[in-house]
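Below is one structure, written out as C-alpha cells; the observations come after it.
Keep in mind it's a predicted model, so treat the numbers as computed, not measured.
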Number of protein chains: 2
Amino acid sequence: MTPPRARSRRAADAGLSPSAVSALAGELRLACMRISRRVRFESPHVVAPHQFSVLCRLEEAPRTPSELAEIEKVSGPSMTRTVAALVERGLVARTDDPADRRQVILSLTPAATTVLKDIRRKRDAWMSVRVGHLTPAEQDVLRQASAILTRVANE
Amino acid sequence: MTPPRARSRRAADAGLSPSAVSALAGELRLACMRISRRVRFESPHVVAPHQFSVLCRLEEAPRTPSELAEIEKVSGPSMTRTVAALVERGLVARTDDPADRRQVILSLTPAATTVLKDIRRKRDAWMSVRVGHLTPAEQDVLRQASAILTRVANE
DNA sequence: TATTGTTATACTCTATAACTATA
DNA sequence: TATAGTTATAGAGTATAACAATA
C-alpha cells in the first residue's frame, strides 16, 4: 500500500526523532559547505567556476550551446559569452553541425583535458593531505559516508 | 622522536596506500561539492551568497567594513557596496565608533536575525528530508562523518 | 513560422585609483 | 603622514529583447 514510502519507513522504524534528523542534517550540510569552501579557496583558480563547470559538461560529451545553457541554468547569451571566452583560450573547439547548420557542436581541446586534469589533481591534493592524516577508522567512516552522500546528492 | 607526525603515522601504520587515500579524498571532495551545490540551488535565495556570508560574520560579532573585507577576501569598495545594500534592506545597522570617528561599527538588525533563521531552516529542510529517508545505520555513518569533516574543514 | 545562435543593452558584483575625514 | 571609508571608473558575468541564419 505504501511502496513509495518504503525508504522513509526504514529510518522511522528505528524511532530516530525528527529533531535529531534535523540536527544531523544541519551539521552535515554545514560540514559539506565548509569543505567545499576550503577546497575552492585553497585551490588556484586557473579557470572561473562557471567555465570549469562548462568544461566538465563538455568532457562528458560534445554539446551545443543551447544544451549547455539548459544544463547550467543560464541564458543563451550568457553561454555564448562563456563559450567564446573558452574558445579564445583554446580550451573549446567549435564545429559546424553538418546535419543542421544552425547548430554548433562544442568539444574540448587537448589543452582543456590537460587543464582539467591539473585542476582536479590540485583540488584532490588539498583533501588528500587531510584525509591522509586521519586514523584508518576515520577513513573508513568517510569512505562509507562518501557513497551515501553521493547517492543523496544525485537523488 | 616524531610527535608532530603522530597523526599521520596512525593512518600509515594501517598500510592504507597513497592512491587509496587519494581516491577517497577525490570522491569525498566531489560528494561535498555536490551536496553544497544542491542545497544552494534548491534553497530560495532571499539574500545573495556574498550578503549571506557577511550577515554570518556580523552574527558572530559586530565588525568594521575593513575587518569584513579582510575576512571575506574582497576589496574595501566591494564591501562598502555589499554593506550599503544590506543597510538599505534594513539587515545591517551602522554605528559611529566614538573612540575613533574614522571607523564604523556594523551590526545585525533584529530583521537580519529573522532572515538568517529562515534561510537556515529552509536549507536544513532540504537536507533533513533526504537524511530522514536513510536507514539508521546510514544516519549513524553520517553522524560520525559530520564530526570528522567539520574537524577537517576547520583545520 | 519555429528554432539556433548572436548582438545590443542594461544591471550587478568585482577591482584599482583617487578623494575625504580623522588620527 | 598614515588610516578608515567612500566615490569614480572600468572589467567581468548575468539577464532580456531584438536580430540573423537555417529548418
Side-chain angles (χ1 to χ4, degrees), chain A residues 37 40-41 43-58 61-108 112 115 119, chain B residues 37 40-41 43-58 61-108 112 115 119:
Chain A
R37 186 182 166 84
R40 205 165 359 103
F41 269 76
S43 307
H45 301 183
V46 265
V47 297
H50 65 290
Q51 294 178 330
F52 179 70
S53 192
V54 164
L55 291 180
C56 290
R57 298 306 187 167
L58 290 179
R63 300 180 200 274
T64 66
S66 296
E67 285 168 347
L68 287 175
E70 165 80 16
I71 293 169
E72 296 292 314
K73 311 288 186 213
V74 297
S75 65
S78 282
M79 190 48 71
T80 291
R81 210 182 157 80
T82 299
V83 166
L86 291 171
V87 168
E88 189 166 0
R89 284 193 55 180
L91 299 176
V92 165
R94 300 172 58 103
T95 317
D96 290 337
D97 183 344
D100 182 341
R101 283 180 6 207
R102 291 173 306 183
Q103 292 195 134
V104 183
I105 310 292
L106 304 170
S107 57
L108 292 190
V115 164
I119 292 172
Chain B
R37 186 181 166 84
R40 204 163 2 102
F41 269 76
S43 307
H45 301 185
V46 265
V47 297
H50 64 290
Q51 294 178 330
F52 178 69
S53 193
V54 165
L55 291 180
C56 290
R57 298 303 186 171
L58 290 179
R63 301 180 201 275
T64 66
S66 297
E67 286 169 347
L68 286 175
E70 165 79 16
I71 293 169
E72 295 292 313
K73 312 287 185 212
V74 298
S75 65
S78 282
M79 190 49 71
T80 292
R81 208 182 158 78
T82 299
V83 167
L86 291 171
V87 168
E88 190 166 1
R89 284 192 55 178
L91 299 177
V92 166
R94 301 173 57 102
T95 317
D96 289 337
D97 184 345
D100 182 343
R101 283 183 2 211
R102 290 173 305 182
Q103 291 195 134
V104 183
I105 311 292
L106 304 170
S107 58
L108 292 190
V115 164
I119 292 172

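Distance I105(B) CD1 to dA4(D) P: 12 Å, rounded to the nearest Å. The distance from atom CD of E70(A) to atom P of dT4(C) is 11 Å, rounded to the nearest whole Å. Straight-line distance from the NZ atom of K73(A) to the C1' atom of dA15(D): 17 Å, rounded to whole Å. For the pair H50(A) NE2 and dA15(D) P, the interatomic distance rounds to 11 Å; values are reported in whole Å. As a whole-Å value, the separation of R81(A) CZ from dA10(C) P is 15 Å. One atom, CZ of R102(B), and another, P of dT3(D), lie 9 Å apart when rounded to the nearest Å. Note: CG (L106(B)) to P (dG5(D)) measures 8 Å, nearest angstrom. Between H45(A) atom NE2 and dG13(D) atom P the separation is 14 Å, expressed in whole Å.
Using modelled atom types, no side-chain atom of S53(B) and backbone atom of P49(B) make a donor-acceptor pair closer than 3.5 Å.
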| task | Check the pair L58(A) / L91(A) against side-chain contact (heavy atoms from CB on, under 4.5 Å), numbers first and verdict last. | result | CA-CA 10 Å; L58(A) 290 179; L91(A) 299 176; over 6 Å; no
| task | Carefully, step by step, assess R89(B) and V115(B) under the rule side-chain contact (heavy atoms from CB on, under 4.5 Å). | result | CA-CA 11 Å; R89(B) 284 192 55 178; V115(B) 164; 5.6 Å; no
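For dT22(D), its base never sits under 3.5 Å from the side chain of R101(A) at any donor and acceptor pair.
Across all strands, S66(B) comes closer than 4.0 Å only to sugar-phosphate atoms, never to a base (heavy-atom distances).
Minimum atom distance to the side chain of Q103(A) is reached by dT4(C), of the listed dT22(C), dT16(C), dT4(C). In the set dG13(D), dT7(C), dA15(D), dT7(C) carries the atom at the smallest distance from any side-chain atom of T80(A). In the set dA4(D), dT7(C), dT6(D), the nucleotide with an atom closest to the side chain of P77(A) is dT7(C). Minimum atom distance to the side chain of T82(A) is reached by dT14(D), of the listed dT14(C), dT14(D), dA2(C). With dT14(C), dT6(C), dG5(D) as the candidates, the nucleotide lying closest to the side chain of S78(B) is dT14(C).
The 5' end of DNA chain D is approached more closely, in terms of each residue's nearest nucleotide, by Q51(A) than by the other of A99(A) and Q51(A).
When each of V74(A), L106(A), T82(A) is paired with V54(A), the side chain to side chain contact (heavy atoms under 4.5 Å, CB included) condition holds for T82(A) and for no other.
Between R94(B) and dT6(D) there is a side-chain polar atom (N or O) within less than 4.0 angstrom of OP1 or OP2.
Counting only heavy atoms from C-beta outward, the side chains of T64(A) and I105(A) approach each other to under 4.5 Å.
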